[in-house]
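Chain letters run A, B, ... following the sequence lines, proteins first, then strands; residues in each count from 1. When reading the values below, keep in mind they use all heavy atoms of this one structure, side chains included, and skip hydrogens, waters and symmetry mates.
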Amino acid sequence: MIFKVPRGTQDILPSETWKWQQVEKVILEACDVYRYKEIRTPIFEQTELFQRLVGDTTDIVQKEMYTFTDKGDRSMTLRPEGTAPVVRSFVEHKMFGYPDQPVKLFYTGPMFRYERQQAGRYRQFVQFGAEAIGSADPAIDAEVISLALDVYKRVGLTKLKLVINSLGDKECRAAHKEALVSHFNPHIDQFCPDCQTRLEKNPLRILDCKVDSGNPLIASAPSLADYLNEESASYFESVKSFLEDAGIDYEVDPNLVRGLDYYNHTAFEIMSTSEGFGAITTLCGGGRYNGLAEEIGGPSAPGIGFAMSIERLLLAMEAESKIFADEPTLDVYIITLGETARRPGFKLLNELRAAGIRTDLDYMDRKLKAQMKSADRLQARMVVIIGEDEVTEGAVQLKIMADGTQEKVPVGELVEKIIKNTTR
RNA sequence: GCGGUUGUGGCGAAGUGGUUAACGCAUCGGAUUGUGAUUCCGACACUCGGGGGUUCAAUUCCCCUCAUCCGCCCCA
C-alpha cells in the first residue's frame with residue numbers, strides 16, 4: 001500500500017458516517033431548541049489571530065499549530081479551536097450591533113492540532129461548539145453548560161460529570177499568581193521540570209500537574225477561591241444557583257484550569273465517568289472569555305462558550321453501549337434475468353426512485369440466486385423480479401422478503417402496491 | 001516531543017532460516033431448468049507495512065523508515 005491517511009487523521013467510513021449524521025442531527029435539534037444559530041468560518045486563519053487570542057504561552061500555540069506560509073507570504077494556521085475564529089467573525093461583521101443580544105452561535109467542523117495520536121486524540125478532529133457573546137449574565141453561563149449537557153443527554157449518555165470552577169477576573173488572577181509563586185518558589189526544586197518552567201509562565205498549572213499531584217505543597221497551595229474578589233465570587237455563586245435552578249449537578253474543582261489563556265470567571269469541563277474509557281476522559285471544555293473581543297479591536301463583548309469533540313462523544317457512546325437505531329434499509333431490490341429484462345428493469349428502477357422508494361439493483365451481472373442473496377444481505381423489504389416472461393406480459397413478480405410471499409403485479413399497479421407495503 | 005507495543009490475503013489469526021505461507025469469517029462460482037437459510041464441493045496472498053543489509057537462502061536475523069495501539073505531556 002503506497003498511500004495511507006496522514007498520521008492522526010482518519011477516514012470515516014459509511015458504517016461510521018451514519019452515526020455521525022445522527023449526532024449532527026441531535027446537535028441541530030438541540031441548538032434549535034436553545035436558539036443558537038450556525039456559523040461557518042474558514043478552516044484556516046491568520047496565524048496571529050490564534051497567537052493573540054489563544055495565548056502565546058499555551059501548548060496549542062507553542063507546539064500544536066499547523067502553520068504554513070501561503071503564496072502571498074502570509075502566515076496561516078489551520079484552526080486549532082473554534083472560539084477565536086468566531087470572535088473574529090463577531091467583531092468583523094459587527095455582530096455587536098445586532099438587535100438581539102447576546103449573539104448565540106454554534107459551529108461544527110474539523111480542528112487541527114499537531115499532537116501524538118492516542119485513543120480519543122487526533123490531529124484532525126471535529127468539534128461542536130457554541131458561543132454566547134454579548135452578555136455577562138451568569139444565567140447564560142448556565143444556559144451554555146445546559147446546552148452541552150443536553151446534547152449528551154439526547155444521545156443517551158448518562159455517565160457524566162460536570163466540573164466547574166471560577167478563574168476570577170484579571171485582578172484576582174494576578175494576586176493569586178503572585179501568591180502561588182511565593183508559595184512554590186522556595187521549594188520548586190522538588191517539582192518536575194515541567195512545573196519548574198510553569199512557575200514562571202503559568203503557576204496555576206502546577207496545581208493540575210499529574211506528576212506532582214501527590215506533593216503536599218499542592219494541597220497547601222493558596223487557592224484561587226480565596227483570592228476571588230467580591231464581584232467574582234458573587235458571580236460564581238450566581239452561576240451555581242442558576243445551574244441548580246436548571247437541575248444540573250456539578251462539582252466544584254478549585255484546581256480546574258483550562259489550557260487556553262482567554263478564560264476568566266466560569267470554567268468547566270464535562271467528563272465521562274464510564275469504565276474503561278482510556279486515559280482521556282474530557283468530553284467537553286468551556287468557559288467565559290470576557291475581554292476577548294477587545295483583544296482584536298472589538299468593543300467590550302463578554303462571552304461564554306464550549307467545545308466538544310464528536311469523536312469523543314462517539315467513544316463515550318461506545319463505552320456506555322449506546323447505539324443509534326438501525327440505518328434505513330432498502331425498500332426494493334430489482335432483479336433482472338437476462339438481457340431482455342435489463343432495460344425494463346433499469347427503467348423501473350428510475351420510476352420507483354422518482355416515487356421516493358429506496359431502490360437498487362444488481363450491477364454485477366449475477367445469477368438469480370446470487371441476486372436474491374444480495375437482496376437478503378441488503379435487507380430489502382421487497383424484491384421485484386423481471387424475466388423474459390414478465391417483460392412480454394407487462395408485469396413483474398413482487399416478493400415480500402419477510403414472509404416469502406410472491407405475486408404477479410402489472411407494472412401499472414406496482415408503485416402503488418410497493419408504497420402500500422413500504423409504509424405499513 | 002518522550003517511553004513501550006504491534007504491523008502476514010477484505011477482516012480475524014497461525015507459522016518457520018530453505019521445495020506448494022495453516023485455519024476461521026467474508027466474498028465469488030457450483031451442487032441440472034428463474035428465487036433468500038443450512039450443508040457439501042471448488043476458487044481466492046508470484047507474497048508476509050516499506051527500504052537496505054547479513055546469508056548459498058529470509059516472511060522469519062540486523063539496521064533504517066513508515067504506520068498502529070497504549071502511556072506521558074496536554075487537551076477536545
Side-chain angles (χ1 to χ4, degrees), chain A residues 1-10 13 15 54 57-64 79-83 108-129 148 192-195 197-198 202 205 208-212 256-260 268-272 276 278-286 305-316 333 335-338 341 362 364-391 396-406:
Chain A
M1 207 167 311
I2 305 173
F3 294 111
K4 293 177 178 173
V5 288
R7 177 174 237 175
T9 66
Q10 56 180 342
L13 304 178
S15 56
V54 176
T57 66
T58 59
D59 284 350
I60 289 180
V61 170
Q62 285 192 335
K63 52 184 195 188
E64 294 172 5
R79 60 182 185 193
E81 59 99 50
T83 301
T108 307
M111 304 295 163
F112 305 84
R113 292 184 200 174
Y114 192 89
E115 287 190 282
R116 189 71 165 265
Q117 180 170 358
Q118 195 180 319
R121 196 178 66 189
Y122 307 92
R123 288 184 175 181
Q124 176 177 333
F125 57 100
V126 177
Q127 279 188 338
F128 155 60
C192 72
D194 280 335
C195 281
T197 38
R198 282 177 185 133
N202 195 346
R205 296 258 195 93
D208 209 25
C209 180
K210 278 163 189 141
V211 179
D212 293 318
L256 175 69
V257 180
R258 311 249 51 253
L260 292 81
F268 66 95
E269 273 185 20
I270 299 169
M271 299 186 269
S272 171
I280 297 171
T281 56
T282 303
L283 298 178
C284 174
F306 67 78
M308 66 172 70
S309 148
I310 308 296
E311 289 85 352
R312 288 186 190 175
L313 185 154
L314 289 167
L315 281 174
Y333 193 76
I335 292 177
T336 64
L337 302 169
D362 173 61
M364 298 301 287
D365 193 29
R366 283 195 253 258
K367 303 277 166 53
L368 169 63
K369 196 184 173 91
Q371 292 191 58
M372 281 301 297
K373 229 176 151 180
S374 297
D376 190 43
R377 187 171 43 223
L378 296 169
Q379 295 181 58
R381 277 203 182 80
M382 287 162 270
V383 159
V384 165
I385 301 169
I386 311 172
E388 281 184 43
D389 299 349
E390 285 75 16
V391 173
V396 300
Q397 297 289 337
L398 179 65
K399 180 167 184 169
I400 311 296
M401 293 297 271
D403 54 20
T405 57
Q406 183 171 325

Whole Å only: how far is the [atom1] atom of [X] from the [atom2] atom of [N]?
{"X": "Gln371(A)", "N": "C28(B)", "atom1": "CD", "atom2": "P", "value": "12 Å"}
{"X": "Met364(A)", "N": "G29(B)", "atom1": "CE", "atom2": "C1'", "value": "13 Å"}
{"X": "Ile270(A)", "N": "C75(B)", "atom1": "CD1", "atom2": "P", "value": "17 Å"}
{"X": "Asp59(A)", "N": "C2(B)", "atom1": "CG", "atom2": "C1'", "value": "15 Å"}
{"X": "Lys4(A)", "N": "U65(B)", "atom1": "NZ", "atom2": "P", "value": "15 Å"}
{"X": "Glu388(A)", "N": "G34(B)", "atom1": "CD", "atom2": "P", "value": "11 Å"}

Q.
Generate the contact string for nucleotides 35-45 of chain B. Rules: B means base contact, S means sugar-phosphate contact only, - means no protein heavy atom under 4.0 Å.
A. BBS--------
Atom pair [atom1]/[atom2] of [X] and [Y] - distance to nearest 0.5 Å:
{"X": "Asp376(A)", "Y": "Tyr333(A)", "atom1": "CG", "atom2": "OH", "value": "11.5 Å"}
{"X": "Ile335(A)", "Y": "Lys367(A)", "atom1": "CD1", "atom2": "NZ", "value": "14.0 Å"}
{"X": "Tyr114(A)", "Y": "Arg7(A)", "atom1": "OH", "atom2": "CZ", "value": "7.5 Å"}
{"X": "Leu313(A)", "Y": "Gln127(A)", "atom1": "CG", "atom2": "CD", "value": "12.5 Å"}
{"X": "Glu269(A)", "Y": "Leu256(A)", "atom1": "CD", "atom2": "CG", "value": "5.0 Å"}

Between [M] and [N], how far apart are the [atom1] atoms? Round to whole Å, please.
{"N": "C70(B)", "M": "U59(B)", "atom1": "P", "result": "31 Å"}
{"N": "A67(B)", "M": "C75(B)", "atom1": "P", "result": "25 Å"}
{"N": "A21(B)", "M": "G15(B)", "atom1": "C1'", "result": "8 Å"}
{"N": "U60(B)", "M": "U54(B)", "atom1": "P", "result": "15 Å"}
{"N": "C56(B)", "M": "U16(B)", "atom1": "P", "result": "24 Å"}
{"N": "G42(B)", "M": "G24(B)", "atom1": "P", "result": "12 Å"}
{"N": "A26(B)", "M": "C44(B)", "atom1": "C1'", "result": "11 Å"}
{"N": "G12(B)", "M": "C48(B)", "atom1": "C1'", "result": "16 Å"}

Hey, is the main chain of [Y] close enough, under 3.5 Å, to the side chain of [X] for a donor-acceptor pair?
{"X": "Gln406(A)", "Y": "Lys399(A)", "value": "no"}
{"X": "Glu311(A)", "Y": "Val126(A)", "value": "yes"}
{"X": "Arg381(A)", "Y": "Ala402(A)", "value": "no"}
{"X": "Glu64(A)", "Y": "Glu115(A)", "value": "no"}
{"X": "Arg312(A)", "Y": "Leu283(A)", "value": "no"}

Q. Arg113(A) versus Ile60(A): any side-chain heavy-atom pair under 4.5 Å?
A.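 In short, these two side chains touch, coming nearer than 4.5 Å.
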(Q) I'd like to know if Glu64(A) reaches the base of G1(B) with its side chain, counting only an N/O donor and acceptor under 3.5 Å. (A) no
With a 4.0 Å cut-off on heavy atoms, is [X] in touch with a base, just the backbone sugar-phosphate, or nothing at all?
{"X": "Gly8(A)", "value": "sugar-phosphate"}
{"X": "Ala307(A)", "value": "sugar-phosphate"}
{"X": "Ile60(A)", "value": "nothing"}

Q.
From the set G34(B), A67(B), C28(B), return the single nucleotide nearest to any side-chain atom of Arg377(A).
A.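 Selected nucleotide (nearest to the side chain): C28(B).
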**Q.** Worked check of side chain to side chain contact (heavy atoms under 4.5 Å, CB included) between Ile270(A) and Met308(A)
**A.** CA-CA 9 Å; Ile270(A) 299 169; Met308(A) 66 172 70; 5.8 Å; no
Q) Of all of residues 113-125 of chain A, which get a heavy atom below 4.0 angstrom from RNA chain B, listed by number? A) Arg113(A), Tyr114(A), Glu115(A), Arg116(A), Gln117(A), Gln118(A), Ala119(A), Gly120(A), Arg121(A), Tyr122(A), Phe125(A)
Q | Residue met sooner reading RNA chain B from 5', once Glu390(A) and Arg7(A) are mapped to nucleotides | A | Glu390(A)
Q. Taking it one step at a time, do Arg121(A) and Arg116(A) satisfy side chain to side chain contact (heavy atoms under 4.5 Å, CB included)?
A. CA-CA 8 Å; Arg121(A) 196 178 66 189; Arg116(A) 189 71 165 265; 3.8 Å; yes
Q) Stem ranges for RNA chain B, with three or more consecutive Watson-Crick or G-U pairs under 3.5 Å? A)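 Detected stem regions: B:1-4 with B:69-72, B:10-12 with B:23-25, B:27-31 with B:39-43, B:49-53 with B:61-65.
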Q | Residue-phosphate contact under 4.0 Å: Lys367(A) side-chain N/O, G30(B) OP1/OP2 | A |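 For G30(B), OP1/OP2 do have a side-chain N/O of Lys367(A) under 4.0 Å.
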